[in-house]
2 protein chains.
Amino acid sequence: MTETEATRERILDAAEELFYGQGIQTVGMDAVRSASGVTLRRLYQVFPSKGALVEAYLLRRDERWRKSLASCVEKSDAPPAERVLVVFDWLRDWFTEPDFRGCAFVNAFGELGATAPEVAEAARRHKEAFRRYLAGLVDDAGAPGGLATPLALLAEGAITTAALTGSPLPAHAAREAARLLLAAAIDEDGRAVAQAGPPR
Amino acid sequence: MTETEATRERILDAAEELFYGQGIQTVGMDAVRSASGVTLRRLYQVFPSKGALVEAYLLRRDERWRKSLASCVEKSDAPPAERVLVVFDWLRDWFTEPDFRGCAFVNAFGELGATAPEVAEAARRHKEAFRRYLAGLVDDAGAPGGLATPLALLAEGAITTAALTGSPLPAHAAREAARLLLAAAIDEDGRAVAQAGPPR
DNA sequence: ACGGAGCGAGAACGCTCGTTCTCACTCGGC
DNA sequence: GCCGAGTGAGAACGAGCGTTCTCGCTCCGT
């Protein structure tokens with residue numbers, strides 16, 4: 001049992017690096033096979049089709065990504081009011097990773113969202129989970145819940161822009177904008193912020 | 001001369017609808033051919049390769065998109081201080097178009113950015129042009145130039161989020177956040193905003 | 001009237017992809 | 001010791017891709 005689990009991980013490791021780094025359609029099953037050092041038959045034994053492998057790739061990446069973010073925020077000793085900003089610091093760190101290439105889900109959606117509903121659904125779920133996590137932090141900070149969506153938009157924009165420009169600076173700009181929004185919301189409390197739009 | 005120009009446009013019309021709607025790799029040259037009603041030989045006469053067609057598609061879309069935005073802002077009778085916000089109204093309108101599927105350049109980048117440098121370059125140029133346009137509006141509004149980048153991030157995040165969720169609401173949330181940022185920047189003027197990050 | 005350049009329609013080519021099959025071999029239970 | 005189930009390595013298959021070629025035909029200058 002742990003044997004097939006190990007090969008499963010090896011396959012997913014290889015698939016993640018290839019799919020994320022080069023795009024899903026660009027990478028053939030044979031590339032996954034040779035990168036994972038597994039035989040083609042075993043590959044199809046564990047994942048009965050490329051679609052299944054793609055789904056597993058996205059699922060695992062979603063969990064990894066969110067766990068990494070959460071544990072970073074948890075480890076930080078920032079007061080609750082500033083924990084939201086730690087998210088943007090974490091983004092900056094992510095952006096500076098050498099193989100950063102934007103959001104795997106946005107990329108997958110652009111590539112396959114129109115033809116593969118499961119991919120579109122996985123992307124939606126990922127973004128929705130992130131937004132909810134952000135909403136929790138906003139709530140802990142005592143800020144109005146309506147802030148979660150604009151903060152998510154800033155993060156989203158930063159991810160895409162960092163990918164396109166190859167620079168981590170968008171994380172900084174997004175962080176400062178987030179700080180301003182939080183400050184404005186807490187200062188004037190419920191007033192200006194009640195107009196900041198419905199939860200979504 | 002105008003004859004080949006007309007077929008060129010017909011090809012590009014078909015290519016744009018297909019590439020944007022389904023993704024670039026998904027759409028074969030044969031699909032472009034039959035959608036444009038042009039013979040395969042003519043297609044390759046006008047665009048010597050699929051890569052050339054993709055480049056032309058992105059170039060024309062960039063021009064169209066920016067021209068549409070600019071003419072919308074120009075036509076609006078909003079005072080300079082609020083013209084920036086018109087951008088987000090225009091985004092909302094775009095998001096509600098029935099075949100809206102996010103930013104063509106972000107999608108193309110996710111699909112081909114890692115393997116096709118021209119695509120990556122086109123996406124970069126498109127985003128940079130948008131950011132510069134926004135910077136012009138920010139300047140006209142008398143707001144500090146450092147605002148252009150966070151506003152661009154909001155717009156970018158709204159585009160992606162609207163595509164994923166299929167809802168135009170992110171445009172509204174981004175607009176309100178932009179309004180708050182502008183108000184905060186103009187109120188406190190150069191103070192809080194000088195920290196809003198370098199131009200990029 | 002005629003020769004040839006250009007055209008439309010689609011077959012053809014070479015390649016790659018996702019997936020399956022072959023086949024020699026290994027190895028654990030009777 | 002042996003049989004059969006399962007393995008590894010890779011060939012094979014059918015489909016689809018981007019691109020080019022073939023082949024009648026048309027149409028224009030002389």
Side-chain angles (χ1 to χ4, degrees), chain A residues 1-12 14-58 107-108 110-119, chain B residues 1-58 107-108 110-119 122:
Chain A
M1 275 307 154
T2 214
E3 173 60 35
T4 69
E5 288 243 347
T7 69
R8 205 187 125 94
E9 289 299 299
R10 272 175 56 198
I11 293 171
L12 281 175
E16 180 161 3
E17 182 169 340
L18 291 170
F19 286 159
Y20 179 68
Q22 314 182 28
I24 293 171
Q25 309 217 63
T26 304
V27 172
M29 291 297 266
D30 213 63
V32 174
R33 182 207 61 128
S34 67
S36 63
V38 122
T39 176
L40 208 53
R41 180 212 284 251
R42 267 218 182 290
L43 211 176
Y44 276 93
Q45 230 163 266
V46 181
F47 300 101
S49 72
K50 187 178 183 181
L53 177 57
V54 169
E55 260 183 278
Y57 148 61
L58 291 176
N107 292 347
E111 205 173 345
L112 300 168
T115 53
E118 329 82 51
V119 170
Chain B
M1 274 307 154
T2 213
E3 173 58 36
T4 69
E5 287 242 347
T7 69
R8 206 187 125 94
E9 289 300 299
R10 272 175 56 198
I11 294 170
L12 282 175
D13 286 345
E16 180 162 1
E17 181 169 342
L18 292 170
F19 286 160
Y20 179 68
Q22 315 183 26
I24 293 171
Q25 309 217 66
T26 303
V27 172
M29 290 298 265
D30 214 62
V32 174
R33 182 207 61 128
S34 66
S36 63
V38 121
T39 177
L40 209 54
R41 181 214 283 247
R42 267 218 184 288
L43 210 176
Y44 275 94
Q45 228 163 267
V46 181
F47 300 101
S49 73
K50 187 178 184 180
L53 176 58
V54 169
E55 260 183 278
Y57 148 61
L58 291 176
N107 292 348
E111 205 174 344
L112 301 167
T115 52
E118 330 82 52
V119 170

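Below, read A as the first sequence line, B as the second, and so on, with proteins coming before strands; counting in each chain starts at 1.
- A/Glu16 contributes atom CD, which lies 14.0 Å from atom CD1 of A/Ile11 (distance to the nearest 0.5 angstrom).
- The two residues B/Gly110 and A/Asn107 make their nearest non-hydrogen contact at CA-OD1, 3.5 Å.
- For the segment residues 27-42 of chain B, the set of residues with a heavy atom within less than 4.0 Å of an atom of DNA chain D comprises B/Val27, B/Gly28, B/Met29, B/Leu40, B/Arg41, in numerical order.
- Taking atom OH of residue B/Tyr44 and atom P of nucleotide D/dG18, one finds them 6 Å apart after rounding to whole Å.
- For the pair B/Gln45 and A/Ser49, nearest-nucleotide mapping onto DNA chain C gives the more 5' position to B/Gln45.
- Here D/dA9 presents its P atom at 13 Å from CG of A/Leu43, a figure rounded to the nearest Å.
- Taking all atoms of both residues into account, the shortest heavy-atom contact from B/Gly21 to A/Ala114 is O-CB, 3.2 Å.
- B/Ala108 approaches B/Leu58 most closely through the heavy-atom pair CB-CD2, 4.3 Å.
- A 4.5 Å side-chain heavy-atom check between A/Leu12 and A/Leu53 finds at least one atom pair inside the cut-off.
- Contact check for A/Glu55 versus A/Phe47: no side-chain heavy atoms found under the 4.5 Å cut-off.
- Comparing the end axes of the helix from C/dA1-D/dT30 to C/dC30-D/dG1, each fitted to five base pairs by superposing C1' atoms of four pairs onto the next four, gives an inter-axis angle of 20° (nearest 10 degrees).
- Shortest non-hydrogen contact noted between A/Gly23 and A/Val27 is O-CG2, 3.3 Å.
- Not counting sequence neighbours, the partners of B/Gln25 by the side chain to side chain contact (heavy atoms under 4.5 Å, CB included) test are A/Gln25, A/Thr26, A/Glu111, B/Glu111, B/Leu112.
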Could you list the donor-acceptor pairs under 3.5 angstrom formed between side-chain atoms of residues 36-43 of chain A and any protein atom two or more places apart in sequence or on another chain?
residue: A/Ser36; atom: OG; partner: A/Val32; partner atom: O; Å: 2.9
residue: A/Ser36; atom: OG; partner: A/Arg33; partner atom: O; Å: 3.1

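- With sequence neighbours left out, the side chain to side chain donor-acceptor pair (under 3.5 Å) criterion links B/Gln22 to no other residue.
- First and last contacting nucleotides of DNA chain C toward chain B (any atom under 4.0 angstrom from a heavy atom, 5' to 3' order): C/dC7 to C/dA9.
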